[in-house]
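Not measured: the values here are computed from a predicted model. Counting starts at 1 for both ligands and their atoms, in listed order.
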Amino acid sequence: MAKIFCIANQKGGVGKTTTTVNLAAGLAKVGQRVLMVDLDPQGNATMGSGIDKRKLELSVYDVLLETATVAQARVQSAKLVDAGCGYDILGANRELAGAEVEMVELERREKRLKTALALVDHEYDFVLIDCPPSLSMLTLNGLCCAHGVIVPMQCEYFALEGLADLVNTIKQVHANLNKDLSIIGLLRVMFDPRITLQQQVSDQLKARFADKVFDTVIPRNVRLAEAPSYGVPGVVFDAASKGAQAFVTFAQEMVDRIQDSKPN
Ligand code: ADP
Ligand code: MG
């Protein structure tokens with residue numbers, strides 16, 4: 001059975017999509033079978049995985065409305081497969097923005113993704129879900145099927161403020177909809193050790209959240225920012241870059257955490 005993780009933070013531009021596609025590529029590189037689900041109508045994770053969102057025949061939208069299965073809608077990117085970092089992609093585009101409204105009338109609306117993933121779950125080691133920057137019905141669908149949430153955050157003053165809202169939402173989902181859900185960890189991203197404030201916030205995070213803070217730190221690295229325009233994750237674009245190496249290390253940390261948490 002796959003371990004399902006949401007990459008969530010209700011703020012935009014904090015590194016969710018970069019984390020999702022690079023962790024997916026990093027996990028694939030270390031031999032894991034991965035499905036990446038794009039739950040953001042912006043479709044950045046889809047494009048960043050080399051799939052043209054405008055040309056998608058089927059997407060996560062069809063899966064949520066139950067007009068297609070995951071097996072029918074998933075695609076692969078040849079560029080990633082050729083690089084030895086191939087993962088399956090359940091893509092998204094603007095159509096997904098309509099799902100929010102269309103689903104209001106439907107029953108089990110927050111569990112649609114969970115139901116759909118249950119059919120393919122045995123084919124993967126990891127399912128990674130890139131969430132939109134909101135605590136919407138789409139994000140709720142992600143949280144309802146996940147075992148855990150990975151929260152990418154920049155070590156800035158306001159990062160801690162936003163975290164409280166996310167933690168509350170996760171608590172509510174845990175209490176009412178999904179007993180499995182917990183925060184797996186906080187991932188420090190776009191980190192620049194030369195900035196004193198970032199060091200201070202990083203220390204505060206460690207003091208307050210202890211082992212919920214991942215050991216791996218993702219540095220600010222321009223190669224990670226350049227990669228999406230080439231339709232590949234940074235891990236594929238420039239494997240030798242500091243950013244790519246950090247994400248492969250993070251992928252291994254995730255694999256180790258999962259193995260440690262399994263009863264023998
Ligand atoms: P989100 O999905 O949370 O909106 P993104 O992953 O799209 O955030 O990242 C926002 C911007 O920051 C993008 O332009 C991305 O390329 C850039 N970025 C993300 N992580 C890094 C990093 N570690 N180093 C440099 N740029 C980064
Ligand atoms: Mg994004």
Are [X] and ligand 1 in contact, using a heavy-atom cut-off of under 4.0 Å?
| X | result |
| --- | --- |
| Val14 | yes |
| Gly15 | yes |
| Gly13 | yes |
| Asn221 | yes |

Notebook entry, point to check: Considering only the protein, which heavy-atom contact is closest to atom 26 (N) of ligand 1, and what is its distance?
Noted result: Ala225 CB, 3.7 Å
Checklist line | atom 12 (O) of ligand 1 [closest protein heavy-atom partner, distance rounded to 0.1 Å] | finding: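 Result: Met190 CE, 3.7 Å.
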Is a donor on one side and an acceptor on the other found under 3.5 Å between the side chain of [X] and the backbone of [Y]?
| X | Y | answer |
| --- | --- | --- |
| Ser182 | Gly148 | no |
| Glu110 | Asn141 | no |
| Lys179 | Ala175 | yes |

Check: Right, does atom 19 (C) of ligand 1 have protein non-hydrogen atoms nearer than 4.0 Å?
Finding: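 Under 4.0 Å from atom 19 (C) of ligand 1, at least one protein heavy atom found.
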Notebook entry, point to check: Is the closest protein non-hydrogen atom to atom 16 (O) of ligand 1 under 4.0 Å?
Noted result: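 So atom 16 (O) of ligand 1 has protein heavy-atom neighbours under 4.0 Å.
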Consider every N or O of [X] and every N or O of ligand 1, then say whether any pair is closer than 3.5 Å.
| X | result |
| --- | --- |
| Thr17 | yes |
| Lys11 | no |
| Lys16 | yes |

Looking only at heavy atoms, which two atoms of [X] and [Y] are closest? And how far apart?
| X | Y | value |
| --- | --- | --- |
| Ile7 | Lys16 | CG2-O, 3.5 Å |
| Leu39 | Leu138 | CD1-O, 3.1 Å |
| Arg74 | Leu90 | N-CD1, 4.4 Å |

Notebook entry, point to check: Which bit of Pro219 is near ligand 1, meaning a heavy atom under 4.0 Å away: side chain, backbone, both or neither?
Noted result: backbone
Check: Quick one: do the Asn93 and Tyr61 side chains pair a donor with an acceptor below 3.5 Å?
Finding: no
Next item on the list: Check ligand 1 against Leu224 and write out every atom of the ligand that is under 4.0 Å from a heavy-atom position of the residue.
Entry: 22 (C), 23 (N)
Next item on the list: Just go through Thr18, Asn9, Asn22, Ile218 and tell me whose heavy atom is the nearest to atom 9 (O) of ligand 1.
Entry: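 Considering heavy atoms of Thr18, Asn9, Asn22, Ile218, the nearest to atom 9 (O) of ligand 1 sits in Thr18.
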Next item on the list: Could you give me the CA-CA distance, side-chain angles and deciding distance for Glu100 and Arg109, then say whether salt bridge (Lys or Arg N to Asp or Glu O under 4.0 Å) is met?
Entry: CA-CA 9 Å; Glu100 193 94 31; Arg109 58 181 182 272; over 6 Å; no
Next item on the list: Look at the N, O or S atoms of Thr18, main chain and side chain alike, and state whether any lies under 2.8 Å from the Mg ion (ligand 2).
Entry: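 No N, O or S atom of Thr18 is closer than 2.8 Å to the Mg ion (ligand 2), so no.
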Next item on the list: Please step through side-chain contact (heavy atoms from CB on, under 4.5 Å) for the pair Tyr87 and Leu80, ending with a clear verdict.
Entry: CA-CA 7 Å; Tyr87 52 87; Leu80 301 189; 3.5 Å; yes
Check: Same hydrophobic cluster for Val222 and Tyr230, using side-chain heavy-atom links shorter than 4.5 Å among ILVMFWY?
Finding: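 Per the 4.5 Å side-chain linkage, Val222 and Tyr230 are not co-clustered.
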